Protein chains: 2
Amino acid sequence: MNYKSVISEKQKRMARFAKAMGHPVRMYVLELLSKQSCCYSGNLSDDLPIAKSTLSQHLKELKDAGLIQGEIEGPKVKYCINKDNWADARELFMQFLNQENQ
Amino acid sequence: MNYKSVISEKQKRMARFAKAMGHPVRMYVLELLSKQSCCYSGNLSDDLPIAKSTLSQHLKELKDAGLIQGEIEGPKVKYCINKDNWADARELFMQFLNQENQ
DNA sequence: ATACTTGTTCGTAAATTACCGAACAAATGT
DNA sequence: ACATTTGTTCGGTAATTTACGAACAAGTAT
């Protein structure tokens with residue numbers, strides 16, 4: 001896992017983000033959060049046909065990748081996009097997707 | 001794996017692409033191919049510190065996800081971006097990344 | 001015909017991912 | 001105090017991923 005040569009830091013960061021995005025449930029959550037500002041995992045749990053524990057894991061993964069952040073609010077948890085890292089990811093992907101014009 | 005509800009086809013397709021992009025080596029290859037038109041896997045093999053067979057697997061995965069295509073040319077294989085699917089992925093990601101403005 | 005180059009496939013091992021239900025922790029309501 | 005709601009963590013299992021070297025197939029060169 002230590003390709004110090006050839007492979008750039010950007011590529012590694014992008015791969016990390018992409019990996020987190022590499023599951024339908026996680027894309028669903030990300031898209032939801034990128035549209036509306038926040039959501040509670042309870043609502044997600046109602047909509048998605050998976051166990052609470054499974055959803056929790058997916059959310060953890062998005063959090064570990066830095067794409068979202070959770071905030072405890074009473075007994076619930078409110079999830080939002082992690083704006084800084086989201087901006088970073090955006091930037092990376094935009095650059096990457098526009099590369100043919102360079 | 002059959003979330004017929006809630007999760008859209010777009011989200012599933014994007015997750016598929018993202019998954020394929022979720023490894024540093026594959027991002028490296030994709031970025032290379034998106035800049036220059038094509039490359040031979042031999043050159044990749046020279047640059048990347050992984051076994052030929054491992055590289056071959058990564059290339060297969062990018063191919064299975066539809067992001068690249070390979071063409072046999074003599075004893076070598078020439079790899080290019082799969083333009084149609086690339087355009088599709090581009091479109092999907094662009095839409096996704098610009099969602100906050102909607 | 002034989003050797004070499006090139007890249008895929010096979011077999012295998014180790015690590016990671018995905019999923020579930022049960023158990024748990026923490027806050028809220030009664 | 002006790003029950004309820006909410007969400008995470010734990011334990012376990014099955015599937016997938018990542019990696020390697022060896023074996024193989026196919027084309028090229030001698």
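A note on names: the letters A, B, ... follow the listed sequences, proteins ahead of strands, and every chain is numbered from 1. Bear in mind the structure is a predicted one, so any value in this text is a computation, not a measurement.
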Query raised in the report: Touch check for A/Q57, heavy atoms < 4.0 angstrom, all strands: base, sugar-phosphate only, or nothing?
Result: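 Base, at least one base atom sits under 4.0 Å.
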Query - Sugar-phosphate, base or nothing in reach of B/K52, heavy atoms under 4.0 Å - result: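 Answer is base: heavy atoms of B/K52 come under 4.0 Å of a base.
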For [X] and [N], give me the distance from atom [atom1] to atom [atom2], rounded to whole Å.
{"X": "A/I72", "N": "C/dT28", "atom1": "CD1", "atom2": "P", "value": "11 Å"}
{"X": "A/L44", "N": "D/dG7", "atom1": "CG", "atom2": "P", "value": "9 Å"}
{"X": "A/I50", "N": "C/dC20", "atom1": "CD1", "atom2": "C1'", "value": "11 Å"}
{"X": "B/L62", "N": "D/dT18", "atom1": "CG", "atom2": "C1'", "value": "14 Å"}
{"X": "B/I68", "N": "C/dG7", "atom1": "CD1", "atom2": "C1'", "value": "13 Å"}
{"X": "A/K60", "N": "C/dT17", "atom1": "NZ", "atom2": "C1'", "value": "13 Å"}
{"X": "B/H23", "N": "C/dA15", "atom1": "NE2", "atom2": "C1'", "value": "12 Å"}
{"X": "B/K78", "N": "D/dG27", "atom1": "NZ", "atom2": "C1'", "value": "17 Å"}

Query - Contact nearer the 5' end of DNA chain C, comparing B/S45 with A/L55 - result: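 It is B/S45, whose closest nucleotide lies nearer the 5' terminus.
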Does a side-chain N or O from [X] land closer than 4.0 Å to OP1 or OP2 of [N], or not?
{"X": "A/T54", "N": "C/dC19", "answer": "no"}
{"X": "A/Y79", "N": "D/dT8", "answer": "yes"}
{"X": "A/K19", "N": "C/dT17", "answer": "yes"}
{"X": "A/H58", "N": "D/dT8", "answer": "no"}

Report task. Determine whether any donor atom in the side chain of A/S53 lies under 3.5 Å from an acceptor atom in the base of C/dG21, or the reverse, and answer yes or no. Result ->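 Per atom types, the contact qualifies.
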Checking contacts here: which listed nucleotide ([options]) is nearest the side-chain heavy atoms of [X]?
{"X": "B/R26", "options": "D/dT9, C/dT8, D/dT18", "answer": "D/dT18"}
{"X": "A/Y40", "options": "C/dT9, D/dG7, C/dG7", "answer": "D/dG7"}
{"X": "A/V77", "options": "D/dT8, D/dT17, C/dC19", "answer": "D/dT8"}
{"X": "B/P75", "options": "C/dG11, D/dT6, D/dG27", "answer": "D/dG27"}

[atom1] of [X] to [atom2] of [Y]: how many Å apart, nearest 0.5 Å?
{"X": "A/F96", "Y": "A/K10", "atom1": "CZ", "atom2": "NZ", "answer": "12.5 Å"}
{"X": "B/L62", "Y": "B/N85", "atom1": "CG", "atom2": "CG", "answer": "12.0 Å"}
{"X": "A/S34", "Y": "B/N98", "atom1": "OG", "atom2": "CG", "answer": "10.0 Å"}

Requested in this report: Indicate yes or no: at least one non-hydrogen side-chain atom of A/K19 is less than 4.5 angstrom from one of B/M21.
Outcome: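 The answer is no, as the side chains (C-beta and beyond) never meet within the 4.5 Å cut-off.
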Requested in this report: Indicate, with yes or no, if A/L92 and B/L30 share a hydrophobic cluster defined by side-chain heavy-atom contacts under 4.5 Å among Ile, Leu, Val, Met, Phe, Trp and Tyr.
Outcome: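 Per the 4.5 Å side-chain linkage, B/L30 and A/L92 are co-clustered.
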